[in-house]
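Chain letters run A, B, ... following the sequence lines, proteins first and then strands; every chain starts at 1. Keep in mind the model is a prediction, meaning the values are calculated, not measured. Basis for what follows: all heavy atoms, side chains included, without hydrogens, waters or symmetry-related copies.
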2 protein chains.
Amino acid sequence: MTTEPATPQDEARTRILDAAEALLRRHGPDKVAVTDVARALKMSHANVYRFFENKAALFDALVRRWLGRLEGPLSKIAAEDGPAPERLKRWALTLHRQKREKVSGEPEMFAAFDKAAEHAGGAVRAHLEALERQLSAIIADGRAQGVWPAPTPTAAMDVFAAISSFSHPGIVQANGAADRSAELERVVKLIDSGLRAGG
Amino acid sequence: MTTEPATPQDEARTRILDAAEALLRRHGPDKVAVTDVARALKMSHANVYRFFENKAALFDALVRRWLGRLEGPLSKIAAEDGPAPERLKRWALTLHRQKREKVSGEPEMFAAFDKAAEHAGGAVRAHLEALERQLSAIIADGRAQGVWPAPTPTAAMDVFAAISSFSHPGIVQANGAADRSAELERVVKLIDSGLRAGG
DNA sequence: TTAGTTACAGATTTCAAGTTTTGTAATTAG
DNA sequence: CTAATTACAAAACTTGAAATCTGTAACTAA
């Protein structure tokens with residue numbers, strides 16, 4: 001989890017991403033050009049292309065970094081060793097809260113994230129895979145602890161599908177980032193019952 | 001379930017909706033003006049406004065009619081009197097299939113539907129309420145049949161939330177209308193287990 | 001070899017104009 | 001009183017020229 005840039009390449013990439021993120025937050029998305037980023041760093045835009053293949057790759061990297069920060073608290077919960085059912089509930093609620101906060105608190109970054117998602121950007125795929133890995137870990141712990149006797153091989157995927165309407169950007173946004181924690185808690189309870197009963 | 005227009009008012013409304021739907025299917029959405037609809041019917045556009053408050057109301061009514069047709073097979077399943085768990089599964093799978101078919105088979109209508117949803121159109125709200133009523137009926141049957149002993153008052157809402165990622169337009173579309181029946185079947189099984197265990 | 005540059009063609013975006021469309025009002029016909 | 005019309009202002013959309021942006025190539029500096 002080192003955020004430190006290692007090679008000079010990485011350092012330059014980080015500086016470019018920092019500048020791009022600052023611009024993105026000031027002016028919204030769609031209004032940040034590669035030339036703007038270059039200008040902010042007092043370099044020619046052609047030089048930016050030495051560090052990122054193209055504009056999409058630059059913003060994909062930006063979204064990847066942003067989503068990585070969002071994943072932090074979640075991976076912590078996944079790595080704990082308390083009772084799995086409580087962790088599953090807390091993990092789901094935290095994910096819901098994170099997404100809501102991003103939608104209402106960082107709308108520019110969120111819009112960029114949405115856009116990257118549309119363009120089949122790797123960042124979003126990587127994010128979803130990371131989340132599913134965390135969920136798999138919690139479920140594996142639940143089996144080890146004996147609370148969930150026989151989760152199927154697809155259990156993590158299935159649970160993720162069942163709670164995804166509480167974290168999917170489009171749906172969260174369509175609901176005006178409303179707090180649906182109470183409903184999510186009930187859905188998790190239902191799933192937990194199902195897992196205890198053995199799928 | 002009479003589709004027959006009753007009053008002359010309704011007849012005019014139906015003729016207008018028919019014309020609007022035909023135009024919508026030929027040319028996509030965004031390209032159908034109230035003036036076009038009026039021209040197709042050889043009336044002035046001002047006359048159309050005698051039957052629909054405004055353009056949004058016209059398209060909302062169109063979407064409402066379209067969604068009503070989509071709800072048909074589902075309400076039939078909800079009204080059957082076989083075993084509730086099997087009906088829940090079939091209902092969920094049918095909803096998923098319906099949405100996928102609409103996305104890939106009637107993209108213009110679907111786009112109009114999506115647009116209506118964004119504009120907080122009543123049609124979509126009515127659709128969601130109708131679906132939830134059907135789900136409530138199936139769950140009430142399950143309790144009556146003794147398979148699901150103690151569903152909570154919010155059970156239908158919770159189940160709907162858990163399977164909504166398989167029917168939500170945005171998500172279905174983002175997945176390229178892919179068939180996720182197998183996954184949905186697993187999610188329903190999980191929910192069914194949860195309901196049997198008493199939620 | 002890596003960081004950086006200038007110069008350029010093609011794609012995309014902007015912006016002001018003209019045009020269409022929306023929604024209303026006043027009016028006519030039965 | 002309902003079905004329909006014409007006429008109109010304001011909002012939304014189209015269009016095409018000008019400006020900007022993207023991505024590449026050929027080059028310089030350390």
Side-chain angles (χ1 to χ4, degrees), chain A residues 5-24 26-63 108 111-112 114-116 118-123, chain B residues 5-24 26-63 108 111-112 114-116 118-123:
Chain A
T7 75
Q9 268 263 351
D10 285 347
E11 200 189 329
R13 284 174 62 96
T14 303
R15 272 190 311 128
I16 292 169
L17 289 178
D18 288 343
E21 183 164 344
L23 284 171
L24 187 60
R26 233 181 278 294
H27 324 88
D30 304 337
K31 282 180 188 168
V32 181
V34 176
T35 45
D36 296 331
V37 177
R39 195 166 21 251
L41 292 166
K42 283 163 187 176
M43 56 170 67
S44 67
H45 76 276
N47 196 39
V48 172
Y49 282 92
R50 296 190 16 79
F51 298 95
F52 293 96
E53 274 215 344
N54 50 38
K55 191 185 183 179
L58 198 168
F59 281 87
D60 194 67
L62 194 55
V63 168
E108 316 82 13
D114 235 15
K115 198 168 206 183
E118 276 169 26
H119 280 283
Chain B
T7 76
Q9 267 265 348
D10 284 347
E11 200 189 329
R13 285 174 60 95
T14 303
R15 273 191 308 129
I16 292 168
L17 288 178
D18 287 344
E21 183 163 345
L23 285 172
L24 188 60
R26 236 180 277 294
H27 325 89
D30 304 337
K31 281 181 190 167
V32 182
V34 176
T35 46
D36 295 331
V37 177
R39 195 167 19 252
L41 292 166
K42 284 163 188 176
M43 56 170 66
S44 67
H45 76 276
N47 196 37
V48 173
Y49 282 92
R50 296 192 12 82
F51 298 96
F52 293 97
E53 275 215 343
N54 50 38
K55 191 185 183 180
L58 198 169
F59 282 88
D60 194 67
L62 193 55
V63 168
E108 317 82 13
D114 234 15
K115 199 168 207 185
E118 277 170 25
H119 280 281

Would you kindly give the [atom1]-to-[atom2] distance between [X] and [N], to the nearest whole Å?
X	N	atom1	atom2	value
B/His45	D/dC8	NE2	P	13 Å
B/Glu53	C/dT22	CD	C1'	14 Å
A/Met43	D/dA29	CE	P	19 Å
A/Asp36	D/dT22	CG	C1'	12 Å
A/Arg50	D/dA30	CZ	C1'	13 Å
B/Asp10	D/dA3	CG	C1'	16 Å
A/Tyr49	C/dT5	OH	P	15 Å
B/Leu58	C/dT21	CG	C1'	14 Å

Salt-bridge present (A/Arg15, A/Asp18; N to O < 4.0 Å): no

Mapping B/Ala12 and B/Asp30 onto DNA chain D by nearest heavy atom, which one lands closer to the 5' end? B/Ala12

Ignoring backbone atoms, test whether B/Thr35 places a side-chain nitrogen or oxygen under 4.0 Å from the OP1 or OP2 oxygen of C/dT20. no

Looking at B/Ser44, I'd like to know whether one of its side-chain N or O atoms comes within less than 4.0 Å of OP1 or OP2 on D/dT6. no

Name the nucleic acid region contacted by A/Ala46, choosing base, sugar-phosphate or nothing; use a 4.0 angstrom heavy-atom cut-off, strictly under. base

Touch class at under 4.0 angstrom, heavy-atom based, for B/Asn47 against every strand present: base

A/Tyr49 to A/Asn54 - nearest heavy-atom pair and separation: CE2-CA, 3.8 Å

State, to 0.1 Å, how close A/Ala123 and A/Val63 come at their nearest heavy-atom pair, and which atoms those are. CB-CG1, 3.9 Å

State which of D/dA3, C/dT21, D/dT22 makes the closest approach to the side chain of B/Gln9. D/dA3

Of the listed nucleotides (D/dA4, C/dG4, C/dT21), which one gets closest to any side-chain atom of A/Phe51? C/dG4

